[in-house]
Amino acid sequence: MNNEFSDQEVVRREAVEELQRLGIEPWPAEGYEVNVTATDILREFPGDPDRFANVSLAGRIMSRRIMGAASFAELQDATGRIQVYVKRDDICPGEDKTLYNTVFKKLLDIGDIIGVKGFVFTTQMGEITIHVKEFTLLSKSLRVLPIVKEKDDAVWDAFTDPELRFRQRYLDLIVNPKVRDVFVRRTRLVNSMRDFLNRQGYLEVETPILQPLYGGAAAKPFVTHHNTLDMKLYLRIANELYLKRLIVGGYDGVYEFSKDFRNEGMDRFHNPEFTQMELYVAYKDYEWMMDLVEEMVEQAALDVCGSSEVSVGDHVINFRRPWKRLTMSDAIREFTGKDISGTDEAGLVKVAEELDVEVDPTMGKGKLIDEIFGATVEPNLTQPTFITDYPVEMSPLARKHRSKPGLVERFEAICNGKEICNAFSELNDPMDQRARFEAQLELARRGDQEYMMLDEDFLRALEYGMPPTAGLGIGIDRLAMILTNQPSIQEVIFFPQMRPEKRQQEAPEKELQSAGIPTEWIPALIKAGIRQVADLKNAGAGKLMNDLNGLRKKLKLELPALTKEEVERWIGLSEKGNPSS
RNA sequence: GAUUCCGUAGCUCAGCCGGUAGAGCAUAUGCCUUUUAAGCAUAGGGUCCCGGGUUCGAAUCCCGGCGGGAUCACCA
């Protein structure tokens, strides 16, 4: 049975039983009164020692140094770590020293959560420490933590494997305090933006995630099914079309922090689900929206980083207003020397080829320009820059430029070589909108997988009349990456998408036993990799017999050696099938 | 999807010119009343990712798979 646990896990499970025998509940129900945090003590004790004569603090044991009748340990709470000093005769004033000798020294482990009461003092080494008068076990830990040691700036045994860190984020958060901080700052970013938008008087709303038609962006969706309605539903790829319906309904400013879902590639800039903030404001245009973005993002940088200058990789990015503004064709001209304004599709293909930009025949004019821009300009824009006035073909929801034919009133902000937001003067001409949707269908016929769907209800809403409106989408994950200086999106999403972990078969012994394998051989079989009757089917009788007889010695089984006939009989069982299932 | 690297003890890693495993931390036992990643001593702990092949013999070499990283492609 214990085959499933490592030696250290066995020790901890035995400690649980021992604690229970001593009348100590390993996972008590009561709360624990806490009157101070680790950071409070470290920050305030030197200036005001009297305040800390009676502290009560709870946290996880992160290290232990036991020296006879006295011990040191480090406790980690939500704010940081503090050393505690435990002296035998203080916590066991009478004759019975069990609480120290047995409970504290032997039955507690690194990873356990305890509460301590005592007073704060400074050790001879000058470390602020809680002298413990009383401790309470609050939660026993059955698994061994990966221990990270650090001294000054040196780190030993760092827990860095991304697979383990992302799959078991709780562990990552326990042992890597900097990771905890990244997510605190991510939340501070969201709070900063929400406060900003609320101060402007805009209404935070919620719109459907399950949508019968997906729209508002060019992307491949996830598909699901609703049983009662017996219909196909899509997970939203954007919330644009619903938010604009709300503007039609009469709100003058609505926004939503939304999880969107796109069924596309994954890499360090893309997770299948990601967070966007979309904002729509009536009676405004994209020029106005640029001013808002600058102000909101500068404020966010100040709130998250304490400065408008932010270190990102090798760069320092400065979010102080005003940001540089360039039209798309000026940007392409600036970085490539090519003038593409007014160029037709064939001409664009030629330009792309000259610039070594890969294109394919499904691409329309808009897509071609986007490719050229993405390859030659975008990666070179480190400081926040607004790129304005996009080709109409790639922006089916943006209104036509008031003075430049063939373009729309749209901008993106590019920062650190990546788009962080996208905005436009919204298209509110229902007839033009219908024509644009139809142009998308034409792209679909050419094989573009990411055409936008025609949404009749959205058109109907526009036909009732939508005020002139400015709209914005900001990628929260991308912005969080920049403001927390993280190289990948997985570092700013608590639980990034990953392939499922391989599950171990449960309770293998039962199935093997009911099939007729002698109980006493089952531990050896499991050790040999036979976890279920089906595994026997492909096993060779000779090899299996040898393996099992080898394991018989290793596991010190008091059994006669197996014969080949016996093993063949077991393998025969797998062919008969299993009556219990 | 392509290229490439990686998968060894609970954790971090070494071993890889083939001879069935090693260190540090963690754990156990004993000693030590204020230590500073790290006291001293001893001990236990491994399906060397999985499957096949070559070989007398594979953690090591070869092939296939699984999982992960990086780069690229795709992707507002």
Side-chain angles (χ1 to χ4, degrees), chain A residues 3 5-12 14-15 62-74 83 85-90 100 106 109-111 121-127 129 131 142-167 171 175 216-220 237-238 260 262-272 274 276 358 360 366-367 370-371 373-374 378 387 390 394-395 410 412 414 418-423 449-450 473 475 478 487-488 490 498-502 526-531 538 547 550-551 554:
Chain A
N3 285 343
F5 300 121
S6 73
D7 58 334
Q8 293 188 49
E9 289 174 302
V10 171
V11 167
R12 288 178 181 222
E14 286 167 359
M62 297 306 286
S63 73
R64 265 186 344 151
R65 294 178 289 279
I66 292 174
M67 40 234 352
S71 300
F72 288 89
E74 273 181 301
Q83 177 166 274
Y85 173 65
V86 181
K87 194 170 163 188
R88 184 183 61 204
D89 297 332
D90 277 359
Y100 182 76
K106 294 199 194 323
D109 289 288
I110 290 177
F121 74 112
T122 306
T123 63
Q124 287 174 7
M125 297 303 295
E127 177 144 354
T129 301
H131 188 121
L142 294 179
R143 288 178 183 260
V144 182
L145 281 181
I147 303 293
V148 182
K149 306 243 161 120
E150 54 189 302
K151 165 74 173 168
D152 303 327
D153 280 333
V155 175
W156 287 263
D157 297 339
F159 181 63
T160 55
D161 181 344
E163 177 174 8
L164 289 171
R165 288 183 47 230
F166 299 156
R167 283 196 199 282
L171 264 188
V175 304
K220 286 174 233 160
I237 58 172
D260 290 342
R262 297 189 184 175
N263 204 343
E264 293 170 345
M266 292 166 57
D267 58 36
R268 70 194 173 96
F269 293 105
H270 299 84
N271 194 59
F274 63 101
Q276 269 205 97
E358 243 177 274
D360 70 65
K367 195 96 176 167
D370 191 36
E371 286 295 318
F373 176 80
E378 200 173 39
I387 300 295
Y390 284 63
M394 57 191 285
S395 314
R410 169 177 174 183
E412 289 189 0
I414 314 287
K418 283 279 166 190
E419 170 201 343
I420 57 169
C421 82
N422 180 20
Q449 296 247 307
E450 290 171 350
R478 297 259 178 100
S488 78
Q490 286 78 16
M498 300 187 87
R499 279 199 170 76
E501 250 179 300
K502 273 192 280 182
I526 291 169
K527 200 91 179 165
I530 307 292
R531 307 186 61 84
N538 302 318
D547 286 354
L551 287 162
K554 195 167 177 187

Original post:
Applying a 3.5 Å limit to both distances, which nucleotide forms a Watson-Crick or G-U wobble pair with A37(B)?
Top reply: none
Subject >> Met62(A) and Leu145(A), any side-chain heavy atoms less than 4.5 Å apart >> reply: yes
**OP:** Please report, rounded to the nearest Å, how far the C1' atom of G10(B) is from the CG atom of Leu142(A).
**Re:** 13 Å
Original post:
Do Glu419(A) and Ile387(A) come close enough that some side-chain heavy atom pair is under 4.5 Å?
Top reply: no
Subject >> Residue pair Ile237(A) / Arg262(A): nearest heavy atoms and the distance that separates them >> reply: O-NH2, 2.8 Å
**OP:** Rounded to whole angstrom, note down the P distance from G64(B) over to G15(B).
**Re:** 25 Å
Subject >> Between U20(B) and U27(B) - C1' atom distance, rounded Å >> reply: 26 Å
Subject >> Spacing of the P atoms in C25(B) and A21(B) (rounded, Å) >> reply: 23 Å
**OP:** Scan every strand shown for a Watson-Crick or G-U wobble partner of U27(B), both distances under 3.5 Å, and answer none if you come up empty.
**Re:** A43(B)
Subject >> Phosphate OP1/OP2 of G30(B) contacted by Lys106(A) side-chain N/O (<4.0 Å) >> reply: yes
**OP:** Taking only the side-chain nitrogens and oxygens of Arg167(A), find out if one of them lies under 4.0 Å from OP1 or OP2 of G68(B).
**Re:** yes
**OP:** Nearest whole angstrom, please: distance from the C1' of C11(B) to the CZ of Arg12(A).
**Re:** 12 Å
Original post:
Is any side-chain nitrogen or oxygen of Arg143(A) closer than 4.0 Å to OP1 or OP2 of C11(B)?
Top reply: no
Original post:
When you measure from the side chain of Ser6(A), which nucleotide among G44(B), U27(B), G10(B) comes out closest?
Top reply: G10(B)
Original post:
Is there a Watson-Crick or G-U wobble partner for U60(B) with both distances under 3.5 Å, and if so, which one is it?
Top reply: none
Original post:
Should Arg65(A) be listed as having a side-chain N or O under 4.0 Å from OP1 or OP2 of A38(B)?
Top reply: yes
Original post:
Looking for any heavy atom pair under 4.0 Å, which part of the strands does Phe121(A) touch: base, sugar-phosphate only, or nothing?
Top reply: base
**OP:** Report the distance from atom CG of Leu142(A) to atom CZ of Phe5(A), rounding to the nearest 0.5 Å.
**Re:** 8.0 Å
Original post:
What does Arg410(A) touch in the nucleic acid at a heavy-atom separation under 4.0 angstrom: a base, only the sugar-phosphate, or nothing?
Top reply: base
Original post:
Taking all atoms of both residues into account, what is the closest heavy-atom pair of Ser71(A) and Tyr100(A), and its distance?
Top reply: OG-OH, 2.6 Å
Original post:
Among the nucleotides G39(B), A28(B), A26(B), which one has an atom lying closest to any side-chain atom of Val11(A)?
Top reply: A28(B)
Subject >> Separation of the P atoms in C62(B) and A37(B), to the nearest angstrom >> reply: 43 Å
Subject >> From G68(B), U12(B), U34(B), nucleotide with atom closest to Phe159(A) side chain >> reply: U12(B)
**OP:** Would you mind telling me which of G68(B), U35(B), A26(B) lies closest to the side-chain atoms of Val144(A)?
**Re:** A26(B)
**OP:** Report yes if some heavy atom in the side chain of Tyr390(A) is under 4.5 Å from a heavy atom in the side chain of Glu412(A); otherwise report no.
**Re:** yes
Subject >> First of Glu419(A) and Thr122(A) reached from the 5' end of RNA chain B, by closest nucleotide >> reply: Thr122(A)
**OP:** Quickly work out the Gln8(A) CD to G10(B) C1' distance and round it to whole Å.
**Re:** 5 Å
**OP:** With a 3.5 angstrom cut-off on both distances, give the Watson-Crick or G-U wobble partner of A14(B), or none if there isn't one.
**Re:** none
Subject >> Among U36(B), U34(B), A26(B), the nucleotide that comes nearest once only the side chain of Glu127(A) is considered >> reply: U36(B)
**OP:** Ignoring the backbone of Met498(A), work out which of U27(B), U29(B), G68(B) is nearest its side chain.
**Re:** G68(B)
Original post:
CD1 of Ile66(A) versus P of A26(B): gap in Å, rounded?
Top reply: 11 Å
Subject >> Residues which pass side-chain contact (heavy atoms from CB on, under 4.5 Å) with Thr123(A), listed by chain and number, not counting sequence neighbours >> reply: Phe72(A), Gln83(A), Phe121(A), Met125(A), Glu127(A), Thr129(A)
Original post:
Taking CG from Asp161(A) and C1' from U8(B), how many angstroms apart are they, rounded to a whole number?
Top reply: 14 Å
Original post:
Contact class for Asp267(A) (heavy atom, under 4.0 Å): base, sugar-phosphate, or nothing?
Top reply: base
Original post:
What integer number of Å spans the P atoms of C13(B) and G69(B)?
Top reply: 15 Å
**OP:** To the nearest Å, give me how far apart CG (Asp89(A)) and P (C32(B)) are.
**Re:** 14 Å
Original post:
What distance, rounded to whole Å, do you find between the two C1' atoms, one in U34(B) and one in U29(B)?
Top reply: 25 Å
Subject >> Whole-Å gap separating P (G67(B)) and CZ (Phe166(A)) >> reply: 17 Å
Original post:
What integer number of Å spans the C1' atoms of C56(B) and G18(B)?
Top reply: 12 Å
Original post:
For Asp370(A), what residues pass the side-chain contact (heavy atoms from CB on, under 4.5 Å) criterion, not counting sequence neighbours?
Top reply: Met394(A)
Subject >> Strand partner of C48(B), provided both Watson-Crick or wobble distances fall under 3.5 Å >> reply: none
Original post:
Of all the choices, A28(B), G10(B), U33(B), which nucleotide is nearest to the side chain of Asp109(A) once you look at every atom?
Top reply: A28(B)
Original post:
At under 4.0 Å between heavy atoms, what does Glu378(A) touch on the DNA or RNA strands: base, sugar-phosphate, or nothing?
Top reply: nothing
Original post:
Rounded to whole angstrom units, what separation is found between the CE atom of Met266(A) and the P atom of G69(B)?
Top reply: 8 Å
Subject >> Side chain of Pro146(A) - closest among U34(B), U12(B), C11(B) >> reply: C11(B)
Subject >> Nearest-nucleotide pick for Arg268(A), side chain only, options being U35(B), U71(B), U33(B) >> reply: U71(B)
**OP:** Report yes if the side chains of Gln490(A) and Arg268(A) come closer than 4.5 Å at any heavy-atom pair, otherwise no.
**Re:** yes
Subject >> C1'-based separation of A9(B) from A26(B) [nearest Å] >> reply: 10 Å
Original post:
For U71(B), what is the paired nucleotide under Watson-Crick or G-U wobble rules, both distances under 3.5 Å?
Top reply: A2(B)
**OP:** Return the 5'-most residue of the pair Ser395(A), Thr123(A) with respect to RNA chain B, ranking by each residue's nearest nucleotide.
**Re:** Thr123(A)
Original post:
Out of G68(B), U36(B), U34(B), which has the shortest distance to the side chain of Tyr85(A)?
Top reply: U34(B)
